[in-house]
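A quick write-up on the structure given underneath.
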Amino acid sequence: MNAPESHSDRLDLRVFVPAVLVIAGLILPIIVFPESGAALVNAAFAFATGRFGWLYLLAGIAVVVFLVGLAISRYGNVRLGGPDDKPEFSYFSWVAMIFAGGIGIAIVNWAWVEPIYYFTGPPFGVEPSSQEAAEWALTYGQFHWGFTPWAFYCLPAIPIAYSMFVHNRPGVRLSVAARGVLGRHADGWWGALLDAVVVFGIVGGVGTSLGLAVPLVSQLLSGLLGVSPSFMLDIAVLLIWTAIFSASVWFGLAKGIKILSDINVLLAGVLLVFTLVVGDTLFMVEGWVNSLGKMVSNFVPMSMWTDPVGDSSFWRDWTVFYWAWWIAYAPMMGLFVARISRGRTIRELIIAEMVFGSLGCWVFFAVWGGYALDLQISGTLDVAAILSAEGIPAAVEAILGTLPMSGVITTLFVLLCFIFLATTLDSSAYVLASVTSRKLSGYQEPQRKIRLIWAFLIAGVGVALIQLGGLKPVQTSTIVVALPMIPVLAILAWSLVRWLRQDFAKKVLEPHLVIEDGKH
Ligand code: NM2
């Protein structure tokens with residue numbers, strides 16, 4: 001283990017100040033000039049997804065092919081760490097942290113309602129609300145939360161972990177992982193720009209997640225407590241959230257983030273099993289099996305469907321939007337997952353993300369999505385009508401209301417919402433603190449003080465966005481940031497391949513393939 005340099009964990013003002021300025025510089029105008037700010041951001045978004053929608057799709061399938069190839073190749077055996085490095089966490093906690101870090105409040109909103117949107121507005125020119133539409137509805141949920149997005153999450157983690165634990169380079173930053181290609185520019189302006197964009201992406205992303213989460217939880221709480229929704233309730237919800245995730249980030253990886261992630265996964269498991277048992281179990285299970293088959297056999301067409309002749313908007317509105325959203329979170333996830341993956345092999349990392357990450361999301365969509373679709377098709381509850389009239393929080397509340405013991409279940413669900421978002425926020429604050437520390441090694445934790453500063457900054461951005469209504473433009477601009485991230489992903493992959501070739505080509509090829517004489 002490398003002895004950390006003294007003061008290496010101090011706040012690095014050279015990164016912290018520009019990062020805060022970038023956040024303020026991008027968020028303040030949106031809040032101060034809401035109309036022109038929103039118009040500008042929307043134009044940038046329309047440009048990115050309108051002109052470059054195809055690029056997001058190509059990037060998606062390319063990343064899947066690259067990672068599957070890497071996992072199968074002999075480089076998959078390369079251990080992210082020195083010969084004495086043992087994994088820091090148990091397999092369950094490691095996978096739980098990966099899952100809970102990258103999946104937040106979005107899944108508890110969308111798993112219930114996303115299939116309903118697909119059912120009423122299906123792809124491939126299918127008749128809305130038809131049997132075919134129902135099958136695609138379940139399939140697309142699995143696709144948009146499956147291999148491709150998890151591959152986006154996984155890619156940056158590998159070169160970052162490689163730089164941290166194989167090369168033992170200090171600095172938990174994306175620029176460090178791009179060094180294989182950027183060379184010494186990684187320490188100069190290019191590197192600084194890259195890290196500033198990453199910080200903005202993370203703060204914008206978590207700010208938006210908070211903004212999505214507070215209305216949902218406020219709606220559910222106001223129903224449960226019999227109080228009417230108000231600004232004070234929103235702020236109370238936000239304060240509880242801040243207390244939970246600040247505590248978790250204060251206690252650090254092993255005592256805070258890990259424990260909260262374990263609870264997160266277990267509580268989600270309880271609610272999923274409950275829904276599976278009390279709902280039409282067979283419909284959900286059959287729906288899942290069917291949709292996995294449909295996804296596998298249509299994986300390439302779904303991945304590359306740009307509808308050039310029909311020019312429908314499904315692929316842009318959903319696939320491109322989702323790919324961009326996941327890419328926006330990918331640097332945060334890369335930094336976080338790299339930090340917790342010391343001692344794992346490249347193959348293990350790819351399997352944990354692409355297989356177990358996807359599996360986790362699939363279960364949510366199969367069970368909650370299947371349950372909601374069953375309500376819709378059987379006529380028990382017109383979820384689609386509630387969605388279009390009152391929005392997602394009201395639809396989720398109505399769906400929860402159809403479950404037996406709905407009061408208890410809704411209470412547990414609210415608890416799950418709190419924990420699910422908190423586990424994304426604590427990883428984000430942890431990563432931001434690492435990025436803005438001087439030269440942290442992969443063996444150190446960022447200072448508590450810096451972790452808390454970021455926790456409060458995130459909460460502050462959340463309050464400002466809720467209060468001043470800048471949520472949508474900030475979400476949109478976070479997604480716009482995903483476009484320049486596509487070449488960055490390519491640079492990271494290239495860096496990794498270069499390093500692997502330099503460091504391991506001979507080792508990987510020689511010893512394993514020799515058949516010793518006389519042994520046959
Ligand atoms: N993703 C998974 O709030 C959240 O759930 C953050 C969103 C990228 C769609 C992650």
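The model shown is predicted, which means the values in this text are computed figures rather than measured ones. Just so you know, residue 1 is the first one in the sequence shown, and it goes up from there. One-based numbering, in listed order, for ligands and for the atoms of each.
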Under 3.5 Å between some N or O of ligand 1 and some N or O of [X]?
X      : result
Leu421 : no
Ile105 : yes
Ser209 : yes
Gly102 : no

TODO: Taking Ser313 for its side chain and Arg316 for its backbone only, find out whether a donor-acceptor pair lies under 3.5 Å.
DONE: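 Not confirmed, Ser313 side chain does not pair with Arg316 backbone.
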Open item on the list: Counting only heavy atoms closer than 4.0 Å, does ligand 1 sit against the backbone of Phe152, its side chain, both, or neither?
Closed with: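 Neither part.
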Task: Numbered atoms and elements of ligand 1 in range of Trp145, under 4.0 angstrom, heavy atoms - done: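 Listed by number with element, the hits are 2 (C), 9 (C).
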TODO: Check the surroundings of atom CZ in Phe66: do more than 12 heavy atoms from other residues, nucleotides or ligands lie under 6.0 Å from it?
DONE: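 Above 12, so yes.
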TODO: With ring-ring contact (aromatic ring centres under 6.0 Å, His included) as the test, would you mind laying out the steps for Trp362 and Phe356 before giving the verdict?
DONE: CA-CA 10 Å; Trp362 290 342; Phe356 289 110; over 10 Å; no
Distance-only criterion, 3.5 Å: show the donor-acceptor pairs between side-chain atoms of residues 153-160 and protein atoms not counting sequence neighbours.
| from | atom 1 | to | atom 2 | distance (Å) |
| --- | --- | --- | --- | --- |
| Tyr153 | OH | Gly102 | O | 2.7 |

TODO: Sequence neighbours left out, what passes side chain to side chain donor-acceptor pair (under 3.5 Å) with Tyr118? Give chain and number order.
DONE: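 With neighbours one apart ignored, the set is Glu114, His144.
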Open item on the list: Between ligand 1 and Phe420, can you find any atom pair, the residue atom being a heavy atom, that is separated by under 4.0 Å?
Closed with: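 Heavy atoms of Phe420 never come under 4.0 Å of ligand 1.
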Open item on the list: With the threshold set at under 4.0 angstrom, would you say Ala328 reaches ligand 1 through any of its heavy atoms?
Closed with: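 Checking ligand 1 against Ala328, which is what was asked, there is no heavy-atom contact under 4.0 Å.
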Open item on the list: For atom 2 (C) of ligand 1, which of the options Tyr153, Tyr329, Trp150 provides the nearest non-hydrogen atom?
Closed with: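 Among Tyr153, Tyr329, Trp150, the closest heavy atom to atom 2 (C) of ligand 1 comes from Tyr153.
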- [ ] Decide yes or no for Ile450 and Thr436: does some side-chain heavy atom of the first lie under 4.5 Å from some side-chain heavy atom of the second?
- [x]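 Ile450 vs Thr436: side chains touch.
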Open item on the list: What I want to find out is whether Glu88 reaches Lys258 closely enough, with some N-O distance under 4.0 Å, to be called a salt bridge.
Closed with: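 Salt bridge flag = no for Lys258 with Glu88.
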